[in-house]
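Before any comments, here is the structure.
Whatever order the structure lists ligands and atoms in, that order sets their numbers, starting from 1. Note: hydrogens, waters and symmetry copies are ignored here, and every other heavy atom, side chains too, is used.
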Amino acid sequence: MLNKKSIDDINVKGKRVLVRCDFNVPLQDGKITDENRLVAALPTIKKLIADGGKVILCSHLGKPKGEPKPELSLAPVAVRLSELLGQEVKFAADPEVVGPNAKVAVEEMKDGDVILLENTRYRAEETKNGEEFSKELASLCDVFVNDAFGTAHRAHCSNVGVTKFVDTAVVGYLMQKEIDFLGNAVNNPQRPFVAILGGAKVSSKISVIENLLDKVDTLIIGGGMSYTFTKAQGGKIGKSLCEDDYQEYALNMLKKAEEKGVKLLLPVDNRIGDSFSNDANIQIVKTGEIPDDWEGLDIGPETEKLFADAVKDAKTVVWNGPMGCFEMPNFAHGTEAVAKALADTDAITIIGGGDSAAAVNILGYGDKMTHISTGGGASLEFLEGKELPGVAAANDK
Ligand code: AMP
């Protein structure tokens with residue numbers, strides 16, 4: 001059970017509060033094309049303003065590789081945040097992030113004011129968790145709040161290093177929500193607990209499969225990774241994605257699931273194409289019967305029903321990874337069927353970040369899910385059972 005201090009456990013009145021947010025938003029010609037991350041950060045920021053804190057926001061944006069890159073400046077974020085909050089968010093433009101502008105801006109703050117620092121990755125030390133930059137960030141504040149789940153699996157200056165030099169380090173509402181759902185619900189789930197894993201490769205989900213096999217009642221495996229299992233079981237998979245080195249591992253997982261009494265469901269049919277294209281000719285075939293020149297690009301209709309039935313009576317469902325090449329509409333049926341099944345169930349539904357989160361939102365089921373994680377890599381590491389440095393660095397209750 002993760003029990004971290006949050007912004008509800010501290011008094012920030014008159015204090016300088018440095019908040020690590022995840023403002024890593026997509027930009028096109030200086031315009032923010034998806035502002036979900038800004039909206040998600042608002043509850044924490046509003047609470048700190050209401051409590052009379054001096055709110056100093058920071059974040060990374062893209063990969064400027066340790067030097068100022070104007071196209072990756074957080075300036076447009078300050079403009080949009082001002083609009084969303086209905087009050088000025090002053091942008092402290094400083095190529096070295098904690099420079100003269102930032103220092104003066106902080107000195108001039110009144111209670112309830114908000115400023116935004118420049119992209120933390122303008123500094124090369126940031127991703128190396130260097131001491132100097134960590135100290136500089138800490139020097140700006142009395143209290144540190146981490147609300148950036150998307151980077152919680154990394155130990156950087158602005159989410160981990162800084163905590164060494166401040167007495168109070170707590171989590172924000174967004175981070176708390178991720179911990180509650182991904183961490184505590186996965187470790188202490190309401191049963192039956194069903195996990196659905198998809199995506200391209202077995203190799204990238206090995207630790208997740210191993211960890212979840214100890215916790216779930218049913219494990220569903222779809223997507224490109226299922227063909228390695230099919231081939232390992234002697235089935236014909238044509239040109240489908242396959243990791244030959246992982247066939248033995250796949251067989252071991254099947255054995256392990258049986259030993260642990262976990263129901264492991266694999267596709268029973270597949271939607272296949274004669275090329276990797278939305279315009280490919282399409283057939284539905286039984287699993288293990290894919291002709292030589294064809295490839296499995298989605299689960300088939302019988303599998304859609306099988307997977308949907310498996311989540312019907314679940315109490316907790318965690319989903320990570322699409323069921324097929326959902327970027328191509330003709331091969332998005334399986335992913336959509338799973339999204340719909342999750343939208344229809346009464347279970348607590350938790351969507352790991354990355355592709356499955358994108359798919360659920362694109363398909364219009366976003367508001368039907370209990371929780372959609374804001375962190376792709378971070379949510380995967382949570383599901384692997386790893387301790388995330390960004391979470392661990394916050395004070396315990
Ligand atoms: P991952 O990052 O491992 O979750 O994989 C996501 C990617 O897997 C998406 O881009 C999907 O298009 C891809 N994918 C899912 N199913 C298949 C498949 N049957 N063949 C090829 N790629 C797939």
Check: Does Lys205, backbone or side chain, put an N or O under 3.5 Å from an N or O of ligand 1?
Finding: yes

Check: Within the distance-only criterion (no hydrogens, no angle test), does the side chain of Lys236 pair as donor or acceptor with the backbone N or O of Asp292 below 3.5 angstrom?
Finding: no

Checklist line | Pairs involving residues 147-168, ordered by first then second residue, that meet salt bridge (charged side-chain N to carboxylate O under 4.0 Å, His left out) (sequence neighbours left out) | finding: none

Note to self: Only heavy atoms of Gly223, strictly under 4.0 Å: list the atoms of ligand 1 that pass.
What the structure shows: 16 (N)

Notebook entry, point to check: What is the closest protein heavy atom to atom 6 (C) of ligand 1, and at what distance does it sit?
Noted result: Asp355 OD2, 2.9 Å

Next item on the list: Please check if atom CG in Asp244 has more than 12 non-hydrogen atoms from other residues, nucleotides or ligands closer than 6.0 Å.
Entry: yes

Check: Would you say the side-chain atoms of Lys15 pair up with the backbone N or O of Asn11, donor to acceptor, closer than 3.5 Å?
Finding: yes

Next item on the list: Could you list which atoms of ligand 1 come closer than 4.0 Å to a heavy atom of Gly224?
Entry: 15 (C), 16 (N), 17 (C), 18 (C), 19 (N)

Notebook entry, point to check: Can you tell if the side chain of Thr230 reaches within under 4.5 Å of the side chain of Asn270, non-hydrogen atoms only?
Noted result: no

Next item on the list: If you have a sec, work out which protein heavy atom is nearest atom 14 (N) of ligand 1 and how many Å separate them, to one decimal?
Entry: Gly324 O, 3.9 Å

Next item on the list: Please write down residue, atom name and distance for the protein heavy atom closest to atom 8 (O) of ligand 1.
Entry: Ala200 N, 3.2 Å

Checklist line | Element-labelled atoms of ligand 1 that are located less than 4.0 Å from some non-hydrogen atom of Gly296 | finding: 18 (C), 19 (N), 20 (N)

Notebook entry, point to check: Would you say the side chains of Gln176 and Asp180 form a donor-acceptor pair under 3.5 Å?
Noted result: yes

Checklist line | Atoms of ligand 1 close to Tyr227 [distance to a heavy atom under 4.0 angstrom, numbered from 1] | finding: 19 (N)

Checklist line | Proximal ligand 1 atoms for Gly199, defined as those under 4.0 Å from one of its heavy atoms | finding: 1 (P), 3 (O), 4 (O), 5 (O), 6 (C), 8 (O)

Item checked: Atom indices of ligand 1 within 4.0 angstrom of Leu297 heavy atoms, with elements -> 19 (N)

Note to self: Starting from atom 23 (C) of ligand 1, what is the nearest protein heavy atom, named by residue and atom, and what distance separates them?
What the structure shows: Cys325 SG, 3.5 Å

Next item on the list: Could you check Phe382, Trp319, Phe181 and say which one makes a ring-ring contact (aromatic ring centres under 6.0 Å, His included) with His371?
Entry: Phe181

Check: Counting both backbone and side chain atoms, is some N or O of Asn320 under 3.5 Å from an N or O of ligand 1?
Finding: no

Notebook entry, point to check: At under 4.0 Å between heavy atoms, which part of Glu327 makes contact with ligand 1: side chain, backbone, both or neither?
Noted result: side chain

Next item on the list: Establish, from distance only, whether the side-chain atoms of Glu243 and Thr228 form a donor-acceptor pair under 3.5 Å.
Entry: no

Check: Is atom CD of Glu83 surrounded by more than 12 heavy atoms (other residues, nucleotides or ligands) closer than 6.0 Å?
Finding: yes

